[in-house]
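Only one structure is covered here, and it is reproduced in the block below.
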Amino acid sequence: MTSADTQSVSETAAVSPWQDDAARDLTRNVGDRMALFVRGEGAYLWDAEGRRYLDFLAGIAVVSLGHAHPVFVEAVSRQAATLAHVSNYFATPSQLALAATLKRLAGTGPSGRVYFGNSGAEANEAAFKLARLHGRSADGTVVRPRILALKDAFHGRTMGTLALTGKPYMQEPFLPMTPGVEFLDSTIEALEEAMDDRVAALFVEPIKGEAGVVALPEGYLEAAREITARHGALLIVDEIQTGAGRTGAWFGFQHAGITPDAITVAKGIGSGFPIGALITFGAAGDLFYPGTHGSTFGGNALGTAVASAVLGEIERADLLTNATVQGDRVRAAIAAIDSPLVAGTRGQGLLIGVALHEPVAGAVVAAAQQHGLIVNAANDRTIRLAPPLVIGDVEVDEFADLFSRALGAVHDALLPDDTDPSEVSA
Ligand SMILES: *Cc1c(COP(=O)(O)O)cnc(C)c1O
């Protein structure tokens, strides 16, 4: 390297060292990072310059207790100082305790079983393999080669879960996909029409989070339960984004009062610690047999202890009720914002989609960040909100103020046609 090279590197570094580091050292599988966060507390984040942000994304519905919650900190520290990992040749008390808790919260009854992985995709990979096992007869013949999933639903980015994800633009660079998956319109009629006795499973999100917080049609889960049961197919509900209390119930399917064959969870159950799980109900729990699946880290003592503490705190502080109450307050606050950009809200509890009349979600996200508010563009016409479940009136009021100012800024900057001509000429 010449001295001129060295100089230009250090000069650039002085201007924006972290952007350069990120551009040089990280794979380019996502776009430019939007900020460098160094610290968090509750619903707030601080960047490297000391600016404070209200975090209404929570790491995409992950940090359910908010940042640096004392219960989380204590659980990580205590378990790290006790026992972190022993492999799945062995059990630990924290793993058994979390399995029992997840069974209780999901309402599986005694026959429920839990498989632990480390992410949502891993939970769905396990569910995919569960579906394949269900599709074989006793002699190993594949009698149910078909798996159904919904168009525009999201189930993960690994090769198995990508095959379940009904977004052609995500699959296209990685073709060919694992075979057997068919994508349906999200209607009861489409399900009724597609279903037969060669279907192993239907995968469904109670609310399609990545698609822009889109609810299923009224009665869909109830009908899906009846139709899958009639044909002997598994109903597998992806609760990775909707679980851990986010919608005001422990899991989204519980609003419909059904019993699925399996659910997958991740995101909010660890409040920032990477953990995922497949939870089976009834006979589906007998499908896996020794040697059929595994994960070195899955169900480690550290992650399971943290998730137990997180779920314990969600229960103790009744954050399900808080999700409902504050979710309603957020929706009311948005309804009260006088912006021609806002078309309305979708979602349940503290999983909220703000529908926009114009494809300006990216600009709204950027303007919000400039105003000290973190939100997300689920697509170009939807802002997704998934704040920590611990938010109170103060955070919601601050959100309303910052969000309305961000919307105002975008409206003024991007849609000058709507502005008063006298203002423009002035
Ligand atoms: C986030 C998400 C996943 C994937 O989880 P990862 O932890 O990113 O692998 C799968 N399904 C749904 C519904 C999700 O929201």
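All of these numbers come straight from a predicted model, not from anything done at the bench. Start at 1 with the first residue, then count along the sequence.
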Listed by chain and number, what are the side chain to side chain contact (heavy atoms under 4.5 Å, CB included) partners of S308, not counting sequence neighbours?
A97, L98
Taking F251's backbone N and O only, do any of them form a donor-acceptor pair with Q254's side chain (distance below 3.5 Å, no angle check)?
yes
Check for a donor-acceptor pair, side chain of T324 on one end and backbone N or O of G349 on the other, with a separation under 3.5 Å.
no
Is there a donor-acceptor pair closer than 3.5 Å between any side-chain N or O of N379 and the backbone N or O of A211?
yes
Using modelled atom types only, decide if a donor and an acceptor are shared between the side chain of K129 and the backbone of N124 within a distance under 3.5 Å.
no
If you look only at pairs with a residue in residues 209-220, which of them pass as a salt bridge (Lys or Arg N to Asp or Glu O under 4.0 Å), with sequence neighbours excluded?
E210-R384
Do K208 and S186 have a side chain donor and acceptor closer than 3.5 Å?
yes
Strictly distance-based, threshold 3.5 Å: is any side-chain N or O of E239 a donor or acceptor partner for the main-chain N or O of F253?
yes
Applying side chain to side chain contact (heavy atoms under 4.5 Å, CB included) between I374 and each of D55, L54, L402, V365, report the one that passes.
D55
Is the backbone N or O of L341 less than 3.5 Å from a side-chain atom of S339, with the two atoms forming a donor-acceptor pair by type?
yes
F37 ring centre to R39 NZ or CZ under 6.0 Å, with the angle to the axis within 45°?
no
Quick one: does any side-chain atom of E205 pair with a main-chain N or O of G209 as donor and acceptor, under 3.5 Å?
yes
Evaluate Y115 against H293 for ring pair (Phe, Tyr, Trp, His ring centres under 6.0 Å), listing each step before the verdict.
CA-CA 9 Å; Y115 166 82; H293 200 39; 4.8 Å; yes
Can you list the residues that meet the side chain to side chain contact (heavy atoms under 4.5 Å, CB included) rule with A400, with sequence neighbours excluded?
A333
Under the criterion side chain to side chain contact (heavy atoms under 4.5 Å, CB included), I'd like the reasoning laid out for L385 against V354: C-alpha separation, chi angles, the key distance, then a yes or no.
CA-CA 8 Å; L385 309 175; V354 184; 4.0 Å; yes
Counting neighbours of CD on E226 that are heavy atoms of other residues, nucleotides or ligands and sit closer than 6.0 Å, is the number greater than 12?
yes
Taking the side chain from Q171 and the backbone from M177, do they hold a donor-acceptor pair closer than 3.5 Å?
no
